[in-house]
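Working notes for the structure below.
Computation of the quantities below employed the complete heavy-atom set of this structure, encompassing side-chain atoms and omitting hydrogens, waters and symmetry-equivalent molecules. Within every chain, numbering begins at 1; the chains are lettered A, B, ... in the order of the sequence lines, protein sequences first and strands thereafter.
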Protein chains: 2
Amino acid sequence: MAAEQQQAGGSVWTRPQRPRREQPALSREQIVAAAMELLDAEGIDALSMRKLGTRLNAGATSMYSHVANKDELIELVVDEVYGEIATQDPAEASDWRTEVTTVAQSLRQAFLRHPWIASVLGQVGMSSLGPNLLRLSEQMIGALETAGFSLAEAERGMNTVSSYVVGLASTEAAWLTVLARSGQSQQEWVDAFWPAALQAVQAFPRLSRLYAAQSEGFDVDSNRVDSFSDGLECILDGLEARLRRAAE
Amino acid sequence: MAAEQQQAGGSVWTRPQRPRREQPALSREQIVAAAMELLDAEGIDALSMRKLGTRLNAGATSMYSHVANKDELIELVVDEVYGEIATQDPAEASDWRTEVTTVAQSLRQAFLRHPWIASVLGQVGMSSLGPNLLRLSEQMIGALETAGFSLAEAERGMNTVSSYVVGLASTEAAWLTVLARSGQSQQEWVDAFWPAALQAVQAFPRLSRLYAAQSEGFDVDSNRVDSFSDGLECILDGLEARLRRAAE
DNA sequence: ACGCCCTTGCGCACACTGTGCGGAGCGCCG
DNA sequence: CGGCGCTCCGCACAGTGTGCGCAAGGGCGT
């Protein structure tokens with residue numbers, strides 16, 4: 001610490017180098033950005049106000065002038081994640097399916113870029129009403145409404161799609177978090193866990209067959225993205241069906 | 001504390017009432033059950049090992065003989081929640097759609113009975129491989145496979161449905177948690193938040209129309225269950241479509 | 001029958017958390 | 001130039017998960 005400085009000098013100059021009002025030295029944006037870095041680098045457990053403070057060359061409680069709570073801070077960071085997703089230019093009006101698919105894929109990838117978000121969504125919920133989330137909602141509802149759905153139908157469709165994306169991406173992200181915490185490579189982790197999984201599953205015939213089939217190697221990652229796209233298209237098929245049904 | 005007892009008596013009798021080996025006095029099941037009670041009653045923030053200990057007339061660290069971690073404890077409680085869902089008797093082989101729907105609805109209701117689960121799923125993931133979760137997976141895959149899907153298709157279908165259920169129920173449960181923490185009634189909370197929501201949304205035309213339409217009252221709860229069932233049927237429609245497509 | 005060991009529960013302690021409070025430095029307005 | 005207010009920070013408090021070592025008995029070897 002700076003203990004020796006305090007002992008050497010008087011209390012007058014102990015921290016003269018603190019550049020008080022040249023610029024506020026701490027801003028909401030900086031805090032949110034630093035929190036995002038910390039979360040991406042070390043995960044949710046490493047985010048403490050003290051660590052965030054030191055990373056900003058500030059005290060532990062200095063952020064409370066700009067942010068009410070740790071919870072509010074987290075809400076802000078979450079919306080920042082949503083902010084990474086660009087809304088499409090409405091000029092290039094493409095197929096509604098590709099438009100919805102684009103948003104969904106971007107959302108998934110944003111979640112996988114910031115896996116800590118899974119551990120946080122259950123506390124913050126989608127209820128935070130941050131501007132970026134609202135923007136995404138507006139776009140998706142817009143795509144569905146111009147496709148021919150009523151406004152209420154469009155909202156339900158959006159809820160269905162986004163629930164699917166959030167649910168699946170959360171599971172994936174949680175898995176990534178566990179993986180990261182274990183410190184092993186993906187292959188190591190799978191190898192280590194596979195026997196236990198096989199044994200846990202052996203009382204269930206279909207799961208056993210499934211796991212056995214998956215044993216004879218296949219690419220885990222590519223299967224995952226296929227699986228995501230497949231489920232998404234399944235939902236879109238369901239939506240398209242009711243669109244056609246309404247048109248007749 | 002029991003300080004005066006120690007001062008008054010010798011250290012010999014300070015805790016003679018502890019019934020050492022008459023019965024183990026603490027079991028995994030008891031611990032999990034008590035944790036569930038505590039979680040249901042006071043939510044995730046109230047679950048600490050100390051509180052759990054006092055509730056079991058035990059010390060704070062006495063559970064660590066039966067449970068490795070707090071995390072492991074939470075995994076156990078989560079699987080206990082899945083355990084509340086009964087698997088259907090395979091004898092009465094009904095329509096695959098109603099079978100899947102039954103599981104999905106039960107899952108949703110279990111989540112809403114224990115809203116704290118939302119804040120926990122992102123840390124534990126579905127990756128815990130607890131026996132009850134496996135049982136549910138087996139049933140759902142079974143329903144899909146006997147309906148005519150291949151094993152791999154059945155797994156993907158299950159993933160799609162369960163991701164949807166988990167995602168949506170998590171959002172709802174998170175909302176319930178926020179509501180409970182606020183201490184207000186649902187109506188009070190909505191009334192208090194509505195102006196802010198309207199203002200946040202006013203930059204987005206479609207969301208504004210949507211919220212305005214929802215302002216002229218309708219039953220929030222019934223709309224929610226309708227919305228859930230609607231999205232679920234949408235997914236099932238999509239699945240059924242590929243079943244028919246494969247049959248041709 | 002007696003003494004030893006080994007399991008099991010628990011008190012203590014440590015490092016760490018979020019955050020309320022009061023004070024201190026600085027810029028700005030009157 | 002004096003007072004006000006906004007930021008920033010050190011301190012302190014209550015509370016957390018959990019590692020460590022001790023104590024108390026039941027079960028077993030002799």
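- The nearest whole Å value for the distance from the CD1 atom in A:Ile31 to the C1' atom in D:dC9 is 14 Å.
- Applying the 4.0 Å criterion to OP1 and OP2 of C:dG9, one finds that B:Ser62 has every side-chain N and O outside that range.
- With contacts defined as side-chain heavy-atom distances shorter than 4.5 Å, the pair B:Leu52/B:Leu73 qualifies.
- The CE atom of A:Met63 sits 14 Å away from the C1' atom of D:dG10 (whole-angstrom rounding).
- Heavy-atom minimum distance, B:Glu172 versus B:Leu168: OE2-CD2, 2.8 Å.
- Here C:dG9 presents its P atom at 11 Å from CG of B:Leu56, a figure rounded to the nearest Å.
- At whole-Å resolution of the value, OH in B:Tyr64 and P in C:dC12 are 18 Å apart.
- Residues forming a ring-ring contact (aromatic ring centres under 6.0 Å, His included) with B:Tyr211 (at least two apart in sequence, or on another chain): B:Trp194.
- With sequence neighbours left out, the side-chain contact (heavy atoms from CB on, under 4.5 Å) criterion links A:Ser65 to no other residue.
- Side-chain contact between B:Met49 and B:Tyr64: present, with at least one pair of heavy atoms (C-beta onward) separated by less than 4.5 Å.
- Between B:Lys70 atom NZ and C:dC16 atom P the separation is 18 Å, expressed in whole Å.
- Rounded to whole angstrom, the span from the CD1 atom of A:Ile74 across to the C1' atom of C:dT17 amounts to 13 Å.
- A close approach under 4.0 Å does not occur between any side-chain nitrogen or oxygen of B:Asn69 and OP1 or OP2 of D:dG17.
- Only one option out of A:Ile31, A:Val32, A:Leu47 pairs with A:Val77 in a side chain to side chain contact (heavy atoms under 4.5 Å, CB included); it is A:Val32.
- Remark: B:His66 is in phosphate contact with C:dG9, judged by side-chain N or O atoms under 4.0 Å from OP1 or OP2.
- Within the structure, every side-chain polar atom (N or O) of B:Thr61 is placed at least 4.0 Å from both OP1 and OP2 of D:dT18.
- Applying a 4.0 Å cut-off to non-hydrogen atoms, the residues of residues 41-53 of chain B that approach DNA chain D are B:Leu47, B:Ser48, B:Met49, B:Arg50, listed by residue number.
- In this structure, B:Phe204 and A:Ile141 have side chains that are not in contact, with every pair of non-hydrogen atoms separated by 4.5 Å or more.
- For the pair A:Leu73 CG and C:dT19 C1', the interatomic distance rounds to 14 Å; values are reported in whole Å.
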